[in-house]
> 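Below: one structure in structure tokens.
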Amino acid sequence: MGNVFVLDHPLIQHKLTYIRDKRTGTKEFRELVDEVAMLMAFEITRNLPVQEIDTETPVTTATTKVLAGKKIGLVPILRAGLGMVDGMLDLIPAAKVGHVGLYRDPETLTPHEYYIKLPSDIDERELIVIDPMLATGGSAKDAIASLKKRGAKNIRLMCLIAAPEGVEVIKEAHPDVDIYLAALDEKLDEKGYIIPGLGDAGDRLFGTK
Ligand SMILES: O=P(O)(O)OC[C@H]1O[C@H](OP(=O)(O)OP(=O)(O)O)[C@H](O)[C@@H]1O
Ligand SMILES: O=c1cc[nH]c(=O)[nH]1
Ligand SMILES: [Mg+2]
């Protein structure tokens, strides 16, 4: 655990280029984030355990595989994490979805939690915390701590883009959490934005700039 995986599938990388492009408008941005989230869900679920069962096909009995082990829970960090939920649910339709609302104070960069609603059985689920951006790492760090406080034991973090600073914060605070990214960028600027990044993910998703 505590590993960092950059999902470098060509389709993910291609779409991420257009997500970063400042000329990409809200509609296309939303669609691309949705598509990349689905592709990342495909990669992140690659190592889920399976078990063999007997299945009656119309002609014989076959030994086949089904998912085994823990069920999945998705936990988007509001707002921007919402943009990745539907794409992931396309692949994992039975997942339950919890929500953690956090905003980052633009001056101090400190995260503030304003909402939390989780499935009652989070302690039995493999949770995937979702947020497009891991910048200073403060928001994801607090969101994960909130989940642990409420009993979560198996948590992974999935982001589109991270800054090295944010990755270090999560590794330090939550060494049990694996991190899945589409890209690990260069650095943060003085306002806490990821460079080169994609700008403000929430504003670009919801057209609020
Ligand atoms: O790693 P950090 O430095 O904490 O920054 C990352 C956070 O900032 C953004 O949310 P924001 O506060 O803009 O809220 P929003 O999703 O409502 O726009 C982003 O979606 C992360 O949650
Ligand atoms: O670059 C960044 C950093 C934090 N939040 C964003 O939406 N973008
Ligand atoms: Mg924002």
Side-chain angles (χ1 to χ4, degrees), residues 2 4 6 15-26 28-34 36-37 40 74-88 97-118 127-149 152 155-175 177-209:
V4 180
V6 178
K15 289 175 193 292
L16 185 61
T17 293
Y18 294 97
I19 288 174
R20 289 184 190 274
D21 192 326
K22 68 178 183 188
R23 296 169 299 182
T24 301
T26 298
E28 203 188 346
F29 186 89
R30 221 178 258 152
E31 289 167 357
L32 286 163
V33 169
D34 199 50
V36 168
M40 291 181 79
L74 306 179
V75 185
I77 300 179
L78 308 183
R79 284 176 305 168
L82 287 176
M84 298 173 75
V85 173
D86 285 349
M88 296 192 71
V97 183
H99 295 85
V100 180
L102 285 170
Y103 74 91
R104 194 174 77 148
D105 183 299
E107 301 301 325
T108 64
L109 305 184
T110 309
H112 297 274
E113 187 176 303
Y114 58 86
Y115 184 76
I116 187 154
K117 181 77 180 175
L118 302 169
L127 297 181
I128 307 175
V129 174
I130 316 165
D131 195 325
M133 310 306 276
L134 181 65
T136 66
S139 302
K141 175 184 162 187
D142 283 11
I144 292 167
S146 259
L147 297 178
K148 286 182 173 173
K149 201 167 74 185
I155 303 175
R156 309 185 209 189
L157 175 63
M158 187 178 122
C159 305
L160 289 185
I161 301 178
E165 295 89 330
V167 168
E168 285 312 309
V169 163
I170 299 301
K171 278 177 141 181
E172 172 82 21
H174 302 293
V177 172
D178 283 344
I179 304 172
Y180 296 79
L181 307 170
L184 180 58
D185 276 9
E186 280 167 47
K187 60 177 183 184
L188 294 176
D189 72 6
E190 66 288 349
K191 290 185 181 148
Y193 276 87
I194 299 176
I195 303 294
L198 54 73
D200 189 301
D203 284 344
R204 294 196 65 191
L205 269 170
F206 297 110
T208 45
K209 197 68 185 173

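Note that ligands are numbered from 1 as they come in the structure, with each ligand's atoms numbered from 1 the same way.
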> Look only at interatomic distance and state if A80 has a nitrogen or oxygen under 3.5 Å from any nitrogen or oxygen of ligand 1.
yes
> Can you name the ring-ring contact (aromatic ring centres under 6.0 Å, His included) partners of F29, sequence neighbours left out?
none
> I194 to ligand 2: N or O pair under 3.5 Å?
yes
> What do you reckon, does A80 put a non-hydrogen atom under 4.0 Å from ligand 2?
no
> Is there a heavy atom in A163 that sits closer than 4.0 Å to ligand 2?
no
> Is there a donor-acceptor pair closer than 3.5 Å between any side-chain N or O of H99 and the backbone N or O of L118?
no
> Please give me the minimum heavy-atom distance between R104 and L109, naming the atom from each residue.
CG-O, 3.4 Å
> Any side-chain to backbone donor/acceptor pair from R156 onto I179? Under 3.5 Å, distance only.
no
> Is it true that the side chains of T24 and R204 contain a donor and an acceptor less than 3.5 Å apart?
no
> For A135, counting its heavy atoms only, list the atoms of ligand 2 lying under 4.0 Å from any of them.
3 (C), 4 (C)
> Does D185 use its side chain to pair, donor to acceptor, with the backbone of I194 at less than 3.5 Å?
no
> Measure the shortest side-chain to side-chain distance between I155 and L147 over non-hydrogen atoms and say whether it is less than 4.5 angstrom.
yes
> Would A135 count as a polar contact of ligand 1, with the cut-off being nitrogen or oxygen pairs under 3.5 Å?
yes
> Has ligand 1 got any nitrogen or oxygen that is less than 3.5 angstrom from a nitrogen or oxygen of D203?
no
> Please list, in number order, the atoms of ligand 2 under 4.0 Å from a heavy atom of G199.
1 (O), 2 (C), 6 (C), 7 (O), 8 (N)
> If you count the atoms of ligand 2 from 1 in the order shown, which ones are under 4.0 Å from a heavy atom of R104?
3 (C), 4 (C)
> Would you call R204 a ligand 2 contact, heavy-atom distance under 4.0 Å?
no
> Decide whether E165 and T136 meet the rule of one side-chain donor and one side-chain acceptor closer than 3.5 Å.
no
> State whether the shortest distance between N or O atoms of G137 and N or O atoms of ligand 1 falls below 3.5 angstrom.
yes
> With nothing but distance in play, are any N or O atoms of M133 less than 3.5 Å from an N or O of ligand 2?
no
> With sequence neighbours excluded, tell me which residues meet ring-ring contact (aromatic ring centres under 6.0 Å, His included) with Y103.
H112
> Decide whether an N or O pair under 3.5 Å exists between S139 and ligand 1.
yes
> Below 4.0 angstrom from a heavy atom of G192, which ligand 2 atoms are there? Numbered from 1 as shown, please.
3 (C)
> We want to know whether D105 and T110 form a side-chain donor-acceptor pair, criterion being a heavy-atom distance below 3.5 angstrom.
no
> May I ask you to say whether K191 pairs ionically with D189, meaning some side-chain N is under 4.0 Å from a carboxylate O?
no
> If you count the atoms of ligand 1 from 1 in the order shown, which ones are under 4.0 Å from a heavy atom of G202?
18 (O)
> Check ligand 1 against Y103 and write out every atom of the ligand that is under 4.0 Å from a heavy-atom position of the residue.
12 (O)
> If the cut-off is 4.0 Å to any non-hydrogen atom of R104, which atoms of ligand 1 fall inside it?
2 (P), 3 (O), 4 (O), 5 (O), 12 (O)
> What do we get for A201 next to ligand 2 when only non-hydrogen atoms under 4.0 Å count, side chain, backbone, both or neither?
both
> Examine D131 against ligand 1 and note whether any of their N/O atoms are separated by less than 3.5 Å.
yes
> Would you find a donor on one side and an acceptor on the other, under 3.5 Å apart, between the side chain of D178 and the backbone of G2?
yes
